[in-house]
There are 2 protein chains.
Amino acid sequence: MNKSALFHQFVAFTATIHQVTHDLTQNITAANITPLQYKILEYIKVSQPVTPTEISECQHMSLPNTSRELRKLQERQLIQKFSDTADRRKQYVRLSKEGEKMMEEAFACIEERFLQLIQHATQDDLKDIQHALAILEEKVLRQNG
Amino acid sequence: MNKSALFHQFVAFTATIHQVTHDLTQNITAANITPLQYKILEYIKVSQPVTPTEISECQHMSLPNTSRELRKLQERQLIQKFSDTADRRKQYVRLSKEGEKMMEEAFACIEERFLQLIQHATQDDLKDIQHALAILEEKVLRQNG
DNA sequence: CTCATTACTTATCATTTGATAACAAAATAA
DNA sequence: TTATTTTGTTATCAAATGATAAGTAATGAG
């Protein structure tokens, strides 16, 4: 099998994934949130509690800029910070009640849009999709990062 | 089968795809190109010739901003514009020789990184991957856009 | 204790990107 | 013909993001 052909197929695939992600997530929050801030909230939502350093690394941004965005999110009552009792330099970030509500609504909206995407899928189709996702995770994405 | 579970699997999958895309494409050009400009060149590369209006729509940006970025790319000799002989309002954009060279090098670099990702895959693995990509394209991504 | 390191903040500046108004030229419709 | 629409440009402003210097407080190593 031709690896180069597989590469081209993969590139086309990722382009489509990016397009679909854009469609699924556009206009997702009424709140006046920047794209970067949404990304950060999304990460906190699925990984909380997280430290600013972790956010900084996962979002590929500098710690000062992370700190600035977290301050804005805290001012808007969307997140809360707690300092580690053992190591008081460290901080843990969580969504506030309001932030949780906002992100849950956002996720619900994305899920609804996703379900529309697969509305005509049969049970067999769903199994195929699930299996395909698992194959790619295992054989391409989980290789070493 | 639980569609909601599939949704969560899909979300995790797309997050990983975005991460891998980031890794595959980071520091890809020596040229002093902004991320947006790279995206535009990438689109031109695979779809040329394209009009500014098409770029504008596919990249989700306004026509004035598209025009500005194209001007910068033209000043840097990375693209060329031609006006349509039939409808002289229209313009066709292509990569210049230099732009082609740059993008081919970029793509070659990305392909090399991708091949590393699947370096341990057997022939059967490759067939599985190819099939998985096809399934997802057909049953999720090509539903209606 | 002293010194270096870690985790984070504040401040500042540059660059990139987005938004919008105003315009021009060509094509099309009336 | 005149009016309208399409395609694109230029100019300008605002906002978002990136980069970096300097500083604080806590921890840990020696």
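When reading the values below, keep in mind they use all heavy atoms of this one structure, side chains included, and skip hydrogens, waters and symmetry mates. Below, chains carry the letters A, B, ... as their sequence lines are ordered, and counting in each starts from 1.
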Q | B:Leu36 CG to D:dT17 C1', straight-line distance once rounded to whole Å | A | 13 Å
Q. Rounded to the nearest Å, what distance is computed from the CD1 atom of residue B:Ile55 to the C1' atom of nucleotide D:dG8?
A. 12 Å
Q | Side-chain H-bond candidate by donor/acceptor type, B:Gln48 with B:Glu100, under 3.5 Å | A | yes
(Q) When you compare the side chains of B:Gln77 and B:Glu98, does any donor N or O come within less than 3.5 Å of an acceptor on the partner? (A) no
Q. B:Lys39 NZ to C:dG18 C1': how many Å, rounded?
A. 18 Å
Q.
I'd like to know if the side chain of B:Arg113 and the backbone of B:Leu24 have a donor-acceptor N/O pair within less than 3.5 Å.
A. yes
Q: Tell me which nucleotide among D:dT17, D:dT9, C:dC8 gets nearest to the side chain of A:Leu63.
A: C:dC8
Q.
From OH of A:Tyr38 over to P of D:dA16, roughly how many Å is that when rounded to an integer?
A. 17 Å
Q. Side-chain donor-acceptor pair under 3.5 Å between B:Glu111 and A:Ser4, yes or no?
A. yes
Q) Has the side chain of A:Ser56 got a donor or acceptor atom that lies under 3.5 Å from a matching backbone atom of A:Met61? A) yes
Q | Heavy-atom donor-acceptor pair, B:Asp125 side chain to B:Thr122 backbone, under 3.5 Å | A | yes
Q: May I ask you to say what B:Pro35 touches in the nucleic acid, namely base, sugar-phosphate or nothing, with a heavy-atom cut-off under 4.0 Å?
A: sugar-phosphate
Q: Tell me whether the OP1 or OP2 atom of C:dT20 has a side-chain N or O from B:Ser62 closer than 4.0 Å.
A: no
Q.
With the threshold set at under 4.0 Å for non-hydrogen atoms, list the residues of residues 65-91 of chain A touching DNA chain C in residue-number order.
A. A:Ser67, A:Arg71, A:Lys81, A:Arg89, A:Lys90, A:Gln91
